[in-house]
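Have a look at the structure below before the remarks.
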4 protein chains.
Amino acid sequence: MSTAERMLQAHPTGSSGPDLAECISACYECAQACTSCADACLGEQNVGELIRCIRLNQDCFDICVSTGNVLSRRTEPNAELIHTQLQACVVACRACAAECEGHAHHMEHCRICAEACRRCEAACTQLADTTAR
Amino acid sequence: MSTAERMLQAHPTGSSGPDLAECISACYECAQACTSCADACLGEQNVGELIRCIRLNQDCFDICVSTGNVLSRRTEPNAELIHTQLQACVVACRACAAECEGHAHHMEHCRICAEACRRCEAACTQLADTTAR
Amino acid sequence: MSTAERMLQAHPTGSSGPDLAECISACYECAQACTSCADACLGEQNVGELIRCIRLNQDCFDICVSTGNVLSRRTEPNAELIHTQLQACVVACRACAAECEGHAHHMEHCRICAEACRRCEAACTQLADTTAR
Amino acid sequence: MSTAERMLQAHPTGSSGPDLAECISACYECAQACTSCADACLGEQNVGELIRCIRLNQDCFDICVSTGNVLSRRTEPNAELIHTQLQACVVACRACAAECEGHAHHMEHCRICAEACRRCEAACTQLADTTAR
């Protein structure tokens, strides 16, 4: 069981289900992968061809950490805020994944980062579907 | 002229208009006000009545910094990502402002924070309207 | 193998050793635990006794994410910056752990958070020892 | 009077002096300038010569936002944590300023960013000197 899941179970508001823990973990994992991929791209010889990738990695990092934080907070939640933030995260992850996938065949860091983005996109999409707008 | 505006003018992609600079400044100003308001609420005797305010301050901080960063980046922008992020920021600022306004008559920090949230909400709303979806 | 470790191995600068991957993972895990613990404390009946804990959780979150990001970047590293940041992270994790440990016997979220802080403190201490000042 | 200064005056712990407000504002201004400079560098034709600058901009952003947050919080402060964080911020700002100054003569965004870094370095140095270790 992940630390995120243990923390959710220990929260005074009570249990919350595995989907939320999975989504929180996916957000922070994607965030770390994006910081790492942006930096790996910066270190590549052909950095000039990776500008869009670096930029989307940075946006995706920012939005994934925010989403992970918003979801980690269970006290006095605001359903509309959570729903809109999940949508922003889905869009950011999808854009970053699509860009990374275009480089995945010759850059392993883009391949791994695209995986993390797709996992986060799927988790946020699923959670948004079960969240009242 | 603010540092944000000077940085935009110095960007290799060229000039961008005062609305963008205003929105970026409003995002970071709101973020700082939210960190400060959450902490001021924590220091109040009646902290038990300010839980929702602290929580929304924290969410609003996260989303405002992300939005300020996304907007500060002008290289290879993704219109859909920017638009969705602006919408998330509008929702977060509106929710935080509404909560702070409920405490504004007896807590000056909530009054100032509500002002910063409304300024950011307005700037993001205006920018979202002029951004292709 | 964690995503952080896979990303490090895929970085163009080459391999980096398991200590770095462990430290990066510990930083983000601690950051998430701190966001979660601050919010769990906010939801407790005796929130008035947990003000210092919430405040240190917030500081520790900020510093752990920054440290995780700085360490994730391997292109053109600045040894002095990394060393000083690791020291700041050690101090933040130690302070937050000590506070959480004081509540650990009757609040599970503080117990788990203290564990994450101590793991991060240890990983940063070890890495700082092997990093030239 | 800046929003940061007004928020400090409205804090329940009472007045705090202009140095703190100046340092908080300098931290967030430097953070924004760093995000903007990293992106402007990414958009330059000679991006390959700006890798170190982009990397330091990113580190400096992370550390400046963390420092701005830590300083904005006045409830239950931890003097050692604040002092160590200020030192980390001084080191990050100095490194980023030195790099940006090397490009300042032909890139206006680096010139403005270096100014913001030096202002933040000076404010953090001064505040660290007046803070008990």
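Predicted model, so just to flag it, every value in this text is computed and none were measured. Just so we're on the same page: letters track the sequence lines, and every chain starts at 1.
In terms of heavy-atom pairs under 4.5 angstrom with chain B, the leader among Ile54(A), Val65(A), Asn69(A) is Asn69(A). Heavy-atom pairs under 4.5 Å with chain B were tallied for Ala95(A), Cys89(A), Pro77(A); the largest tally goes to Pro77(A). Looking only at heavy-atom pairs under 4.5 Å with chain A, the residue among Leu86(B), Asn78(B), Thr75(B) that has the most is Thr75(B).
Minimum interatomic distance between Ile63(A) and Ser66(B) (heavy atoms only, all atoms of both residues): N-OG, 4.2 Å. Closest approach of Leu81(A) to Val91(B), counting heavy atoms only: CA-CG1, 3.7 Å.
Residues of residues 116-124 of chain B lying within less than 4.5 angstrom of chain A, judged on heavy atoms, are absent.
By the salt bridge (charged side-chain N to carboxylate O under 4.0 Å, His left out) test, Glu108(B) is found to be paired with Arg111(B), residues two or more places apart in sequence or in another chain being considered. Residues meeting the salt bridge (charged side-chain N to carboxylate O under 4.0 Å, His left out) test with Asp59(B), sequence neighbours left out: Arg73(A), Arg55(B).
In this structure, chain A has a heavy atom under 4.5 Å from the side chain of Leu56(B), while its backbone stays farther away.
Sequence neighbours left out, not one pair with a member in residues 40-50 of chain A passes salt bridge (Lys or Arg N to Asp or Glu O under 4.0 Å).
No side-chain heavy atom of Gln87(A) sits under 4.5 Å from any side-chain heavy atom of Gln87(B).
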